[in-house]
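Take a look at the structure below.
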Amino acid sequence: MKKIALLTSGGDSPGMNAAIRSIVKTCLHYNIVPFGIYDGYQGMIDGRGKQLGYTDIDNIIQYGGTILGTARCKDFMTPEGRQKAYQFLNENKVDGLIVIGGDGTFTGANILSKENNIPIIGLPGTIDNDIYGTDYTIGFDTALNTVIEAVDKIRDTASSHHRIFFIEVMGRDAGFIALHSAIASGADSVLIPEEITDIPQLVEEIKSHSKGRRSTIIMVAEGDDEGHAIDILTKVKPYLPEYDLRHSVLGHIQRGGNPSALDRKIATRMGNYAVELLMENKTGLTVGVRGEDLVTCPIADAIKEHSELDLNYLKLLEVLRTK
Ligand code: ATP
């Protein structure tokens, strides 16, 4: 393993830079040439990449985003696009590839690897935490911290005005951010794609939580079956005419910001491990964390299986509603 290429792909997440830094430093430590590819698979097709050195990754551990840039690339879904991409790797004498992204990124890498016999390792980089084979994805913890900081602020104004707030967070297919932030911010209810939302029941919950209290917070995952926060507000409003209902969509602030200590740590450990796995001629794996341990998972499983949200947190939320 003389040269390892790396890229970030799909949605960005805080901690990707920490992973890039760790991959590059580990490569340099073992006299391997790190080769950065810009803007995910698009850059691989366009032939945009360069050898990375210490100065490229110095002082980046603290920044959100990704210095390599990221993209969603339709051309990579075609055999012709992937062939062009592989040609670029071949011309640059790349021996192995590390991709940092979500399950779409892993799917693309897996196909590329099978078509061209190039070793690959995937690192889970997404704020959604919905990747099989790991307790945490790079960026989830920072996104949670961003959300709870925002909820704390919204609660201040909600309490001043006796308001009920529906706060929408990211999570088209999974409720990790909504449920975990509900627990960590002391929210009263949570609506997630994994559970069917019952509007009459929600109305009763709101009446019950809000009795004698100055504010009520309901976390809504953007992929809830009853729609976005504004849709849910509109649906409950006729049943709660005397209540002051508001909504807030946190949006892309959840994807940015300085990574938390946890994200920096797991990204650094995963980046280091990814290089070592390639050095041991391992391929077709994703890296994850289980408790304090680094683990691997076949990339085919990481693509096929879904990470299950622990719904015991809903029971905890129920207990925490006790007045
Ligand atoms: P996020 O969780 O943030 O959405 P992701 O990695 O799942 O991240 P996608 O947009 O689904 O994001 O995938 C990233 C890129 O991976 C795509 O733009 C495409 O280039 C490549 N990719 C995804 N699915 C496939 C596929 N079936 N075949 C080839 N390439 C794919």
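Below, each value reflects all heavy atoms present in this structure, side chains not excepted, and no hydrogens, waters or symmetry copies. For ligands, and for the atoms within them, numbers begin at 1 and follow the listed sequence.
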Please produce the table of protein N or O atoms sitting under 3.5 Å from N or O atoms belonging to ligand 1, one pair a line, distance to 0.1 Å.
{"from": "ligand 1", "atom 1": "3 (O)", "to": "G11", "atom 2": "N", "distance (Å)": "2.9"}
{"from": "ligand 1", "atom 1": "4 (O)", "to": "R72", "atom 2": "NH1", "distance (Å)": "3.1"}
{"from": "ligand 1", "atom 1": "6 (O)", "to": "G102", "atom 2": "N", "distance (Å)": "2.9"}
{"from": "ligand 1", "atom 1": "6 (O)", "to": "G102", "atom 2": "O", "distance (Å)": "3.4"}
{"from": "ligand 1", "atom 1": "6 (O)", "to": "T105", "atom 2": "N", "distance (Å)": "2.9"}
{"from": "ligand 1", "atom 1": "6 (O)", "to": "T105", "atom 2": "OG1", "distance (Å)": "2.5"}
{"from": "ligand 1", "atom 1": "7 (O)", "to": "D103", "atom 2": "N", "distance (Å)": "3.4"}
{"from": "ligand 1", "atom 1": "7 (O)", "to": "D103", "atom 2": "OD1", "distance (Å)": "3.3"}
{"from": "ligand 1", "atom 1": "7 (O)", "to": "G104", "atom 2": "N", "distance (Å)": "2.9"}
{"from": "ligand 1", "atom 1": "10 (O)", "to": "R72", "atom 2": "NH1", "distance (Å)": "2.7"}
{"from": "ligand 1", "atom 1": "12 (O)", "to": "R72", "atom 2": "NH1", "distance (Å)": "3.0"}
{"from": "ligand 1", "atom 1": "16 (O)", "to": "G104", "atom 2": "O", "distance (Å)": "3.3"}
{"from": "ligand 1", "atom 1": "18 (O)", "to": "C73", "atom 2": "N", "distance (Å)": "2.7"}
{"from": "ligand 1", "atom 1": "20 (O)", "to": "C73", "atom 2": "O", "distance (Å)": "2.7"}
{"from": "ligand 1", "atom 1": "22 (N)", "to": "G104", "atom 2": "O", "distance (Å)": "3.3"}

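Taking the centre of each ring, Y313 and H180 come in below the 6.0 Å mark.
With a 6.0 Å radius and a threshold of 12 heavy atoms from other residues, nucleotides or ligands, E292 has its CD atom at or below the threshold.
Residue pairs meeting the ring-ring contact (aromatic ring centres under 6.0 Å, His included) criterion with at least one member in residues 101-122: none, sequence neighbours excluded.
With sequence neighbours left out, E280 forms a side chain to side chain contact (heavy atoms under 4.5 Å, CB included) with L277, K282.
Residues R290 and D135 approach most closely at NH1-OD1, 2.6 Å, considering heavy atoms.
Here L245 is tied into one hydrophobic group with I164, F166, L191, I199, L202, V203, I206, I218, V220, I232, L233, V236, Y239, L240, Y243, each link being a pair of ILVMFWY side chains closer than 4.5 Å.
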